[in-house]
Amino acid sequence: MIDISTLNPAQLEAVTAPDGPVLVIAGAGSGKTRTVVHRLAGLAEQGVPASDMLLLTFARKASREMLLRATDLLGYSIGGVHGGTFHSFAFSVLRQYRPAWAEGPVTVMDSADSASAIQQCKERLKVGKGDRSFPKTQTIIGLLSKARNKEISIGDVLQRDAQHLLPHADALESIGEAYRGYRRQHGLLDYDDLLFELEALLRENPLAAASLRQRFSHILVDEYQDTNLVQARIVRLLAGPLDGPPGNVMAVGDEAQSIYAFRGANVRNILDFPTLFPGARVVRLEENYRSTKPVL
């Protein structure tokens, strides 16, 4: 039996929660990682095969450390857990199930590939040449990525973050459309495509979606406050068909700690979790183990 004597009542409630969706609100220093580790180990001890568990994080190092700690707790390896970032998970799935529009295997672009593609699109559209006020290639890539991840228009991004570039809004929209066409034409995916293509697969390929849901019967998501809209939708689609009850999902996060806003992180994902996952149990970890009482 794993040792649960170090867990406080809220942590124990999260670790031993029954099947179904669970949202763990974990404030700073509240033992969030310990809770996730014990949940992983507890599922394994209950007989859930490691290969049936999916651990989604925002850093590969974080998932490796959690799996190592769970292994130490159990006394045997659960290395069969699929742990990693949303993007790495999406890539692994899309290698197995290519996008419907692709005629052959797709290739993931690196930053140099994206820069080259954007430059070619600019030249073909004949925009920005000789205009010193026109944004540089890397700036364009950043603006297009922000619009994609926040799921808003380029014009809205410029209105919020770069009003001095508003005169170039139409040209930047045209570059974005041309860049998308370039990727499709050449069978390429950029970093942001990985998430949206995975969502499309889960929505449009019932056989693939059913296979993934059957394979991953228990999903754990760390740092849920840093998910963007498409990531939250992916978790919901992995948990089960939208017209049915959600499966076994535990999301752990704190609305006060969102740090990845540059990738479109949306705190509404935590606030709306009970709506997106009907019947969700909400557990709050409020005991702080890092700060002394005078600091608090």
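The residues of the chain are indexed from 1 along the displayed sequence.
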Colleague: Should Leu73 and Arg69 count as side-chain neighbours, where that means a heavy-atom distance under 4.5 Å?
Modeller: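 No, side chains not in contact.
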Colleague: Pro18 versus Arg281: any side-chain heavy-atom pair under 4.5 Å?
Modeller: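 A side-chain contact under 4.5 Å exists here.
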Colleague: Output the distance between atom CZ (Arg34) and atom CG (Leu285), rounded to the nearest 0.5 Å.
Modeller: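 Spacing of CZ (Arg34) from CG (Leu285) equals 10.5 Å.
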Colleague: Got a sec: does the CZ of Arg213 have more than 12 other heavy atoms crowding it under 6.0 Å?
Modeller: yes
Colleague: Could you check whether any side-chain N or O of Gln11 sits under 3.5 Å from a backbone N or O of Asn8, counting only pairs where one atom can act as donor and the other as acceptor?
Modeller: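 At least one qualifying donor-acceptor pair exists.
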Colleague: Determine, using ring centers only, whether Tyr224 and Phe58 are less than 6.0 Å apart.
Modeller: no
Colleague: Specify the closest pair of heavy atoms between Phe273 and Ala251, including all atoms of both residues, with the distance to one decimal.
Modeller: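 Residues Phe273 and Ala251, closest heavy atoms: CE1-CB, 3.7 Å.
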Colleague: Side chains of Gln225 and Glu223: is there a donor and an acceptor less than 3.5 Å apart?
Modeller: yes
Colleague: Considering all heavy atoms of both residues, which atom of Gly176 and which atom of Leu144 are nearest to each other, and what is their separation?
Modeller: CA-CD2, 3.7 Å
Colleague: Would you give the length of the straight line joining atom OG of Ser88 to atom NE2 of His82, rounded to the nearest 0.5 angstrom?
Modeller: 5.5 Å
Colleague: Heavy-atom count check: over 12 atoms from other residues, nucleotides or ligands less than 6.0 Å from Asp170 CG?
Modeller: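 Open: at most 12 neighbouring heavy atoms sit under 6.0 Å from CG of Asp170.
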Colleague: Do Asp222 and Thr57 have a side chain donor and acceptor closer than 3.5 Å?
Modeller: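 There is no such pair between these side chains.
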Colleague: Kindly indicate, with the supporting measurements, whether the criterion side chain to side chain contact (heavy atoms under 4.5 Å, CB included) is fulfilled by Leu23 and Val252.
Modeller: CA-CA 6 Å; Leu23 174 64; Val252 184; over 6 Å; no
Colleague: Okay, side chain of Arg39, backbone of Ala17: is any donor-acceptor separation there less than 3.5 Å?
Modeller: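 It does hold such a pair.
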Colleague: For His168 and Ser133, which I'm curious about, is there any donor-acceptor pair between the side chains at under 3.5 Å?
Modeller: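 Checked: His168/Ser133 side chains pair up, N/O donor to acceptor below 3.5 Å.
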Colleague: Can Arg95 be said to sit on top of Phe91's aromatic six-ring, NZ or CZ under 6.0 Å from centre and within 45° of the ring axis?
Modeller: yes
Colleague: Using atom types as modelled and distance alone, determine if a side-chain donor or acceptor of Ser145 lies under 3.5 Å from a backbone N or O of Gly142.
Modeller: no
Colleague: With salt bridge (charged side-chain N to carboxylate O under 4.0 Å, His left out) as the test, would you mind laying out the steps for Asp161 and Lys146 before giving the verdict?
Modeller: CA-CA 10 Å; Asp161 303 327; Lys146 180 172 286 190; 3.0 Å; yes
Colleague: Any donor and acceptor pair, going by atom type alone, linking the side chain of Asn205 with main-chain N or O of Leu202 inside 3.5 Å?
Modeller: no
Colleague: Please answer whether the main-chain N or O of Ala112 pairs with a side-chain N or O of Ser116 as donor and acceptor at a distance below 3.5 Å.
Modeller: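 Here the side-chain-to-backbone pair does not exist.
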Colleague: Which class fits the ring pair His87 and Tyr191: parallel under 30°, tilted 30 to 60°, perpendicular over 60°?
Modeller: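 Plane angle under 30°, so parallel.
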Colleague: How many angstroms lie between CD in Glu45 and CD1 in Ile78, if you round to the nearest 0.5 Å?
Modeller: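 Those atoms lie 11.0 Å apart.
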Colleague: Grab the two heavy atoms, one from Val37 and one from Ala70, that are nearest each other, plus how far apart they are.
Modeller: CG1-N, 3.5 Å
Colleague: Can you see which heavy atom on Leu143 is nearest to which on Val157, and at what distance?
Modeller: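 Nearest pair, atom of Leu143 first, then Val157: CD2-CG1, 3.8 Å.
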Colleague: Measure from the side-chain N and O atoms of Arg236 to the backbone N and O of Leu276, and report whether any donor-acceptor pair falls under 3.5 Å.
Modeller: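 Checked: pair present.
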Colleague: Establish whether Ile118 and Val108 are linked, either directly or via other cluster members, by ILVMFWY side-chain heavy-atom contacts under 4.5 Å.
Modeller: no
Colleague: Are Ile154 and Asp156 close enough, and set up right, to give a side chain to side chain contact (heavy atoms under 4.5 Å, CB included), and what steps lead you there?
Modeller: CA-CA 5 Å; Ile154 283 289; Asp156 286 340; over 6 Å; no
Colleague: Side chains of His38 and Thr6: closer than 4.5 Å at any heavy-atom pair?
Modeller: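 Answer yes - side chains close enough.
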Colleague: Would you say the side-chain atoms of Asp190 and Ser114 include a donor-acceptor pair closer than 3.5 Å?
Modeller: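 Distance-only check fails for Asp190 and Ser114.
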Colleague: Using the rule given for salt bridge (charged side-chain N to carboxylate O under 4.0 Å, His left out), can you reason through Asp193 versus Arg148, listing the C-alpha separation, both sets of side-chain angles and the distance that settles it, and then say yes or no?
Modeller: CA-CA 9 Å; Asp193 283 330; Arg148 192 91 185 277; 2.9 Å; yes
Colleague: Is the terminal nitrogen or CZ of Arg183 (NZ for Lys, CZ for Arg) located under 6.0 angstrom from the six-membered ring centre of Tyr179 and within 45° of that ring's axis?
Modeller: yes
Colleague: Val15 versus Thr35: any side-chain heavy-atom pair under 4.5 Å?
Modeller: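 Yes - at least one pair of side-chain heavy atoms lies under 4.5 Å apart.
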Colleague: Can Lys122 and Phe134 be said to form a side chain to side chain contact (heavy atoms under 4.5 Å, CB included), step by step?
Modeller: CA-CA 11 Å; Lys122 284 176 58 181; Phe134 202 82; 4.2 Å; yes
Colleague: Of all the heavy-atom pairs spanning Glu173 and Gly155, show the shortest one and how long it is.
Modeller: OE2-N, 4.2 Å
Colleague: Could you give the distance from CG (Leu40) to CE (Met250), rounded to the nearest 0.5 Å?
Modeller: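 Answer rounded to 0.5 Å: 9.5 Å.
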Colleague: To the nearest 0.5 Å, what is the distance between CG (Leu194) and CD1 (Ile234)?
Modeller: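 Reported to 0.5 Å precision, the distance equals 9.5 Å.
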Colleague: Taking atom types as modelled, find out whether Asn266 and Asn228 have a side-chain donor-acceptor pair closer than 3.5 angstrom.
Modeller: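 No, no side-chain donor-acceptor contact under 3.5 Å.
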Colleague: Do other residues, nucleotides or ligands put more than 12 heavy atoms under 6.0 Å from Arg284 CZ?
Modeller: no
Colleague: Can you confirm whether Arg233 sits close enough to Arg203 that some side-chain heavy atom of one is under 4.5 Å from a side-chain heavy atom of the other?
Modeller: yes
Colleague: Out of curiosity, Ile141 CD1 to Gln119 CD, how far, rounded to the nearest 0.5 Å?
Modeller: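 Between Ile141 CD1 and Gln119 CD, I get 10.0 Å after rounding to 0.5 Å.
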Colleague: Would you say Ile152 and Val230 are hydrophobically clustered, going by side-chain heavy atoms of ILVMFWY under 4.5 Å?
Modeller: no
Colleague: Is there a side-chain contact between Leu220 and Leu54 (heavy atoms, below 4.5 Å)?
Modeller: no
Colleague: Do Phe86 and Val221 come close enough that some side-chain heavy atom pair is under 4.5 Å?
Modeller: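 The answer is yes; the side chains approach within 4.5 Å.
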Colleague: Please evaluate residues Leu172 and Leu158 with respect to the criterion side chain to side chain contact (heavy atoms under 4.5 Å, CB included), reporting the C-alpha separation (whole Å), side-chain torsions for both, the decisive distance (0.1 Å), and the verdict.
Modeller: CA-CA 10 Å; Leu172 291 171; Leu158 299 182; 4.0 Å; yes
Colleague: What are the two closest non-hydrogen atoms of Ala239 and Val249, and how far apart are they?
Modeller: CB-CG2, 3.4 Å
Colleague: Any chance CG of Leu271 has more than 12 other-residue heavy atoms, nucleotides or ligands included, within less than 6.0 Å?
Modeller: yes
Colleague: Any donor-acceptor pair under 3.5 Å linking the side chain of Asp19 with the backbone of Asn248?
Modeller: no
Colleague: Would you check if the side chain of Thr16 reaches a backbone N or O of Leu12 as a donor-acceptor pair within less than 3.5 Å?
Modeller: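 Yes; judged by distance alone, with no hydrogens or angles, the pair exists.
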Colleague: Is there side-chain contact between Gln163 and Leu166, with at least one heavy-atom pair below 4.5 Å?
Modeller: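 Result yes, sub-4.5 Å side-chain heavy-atom pair found.
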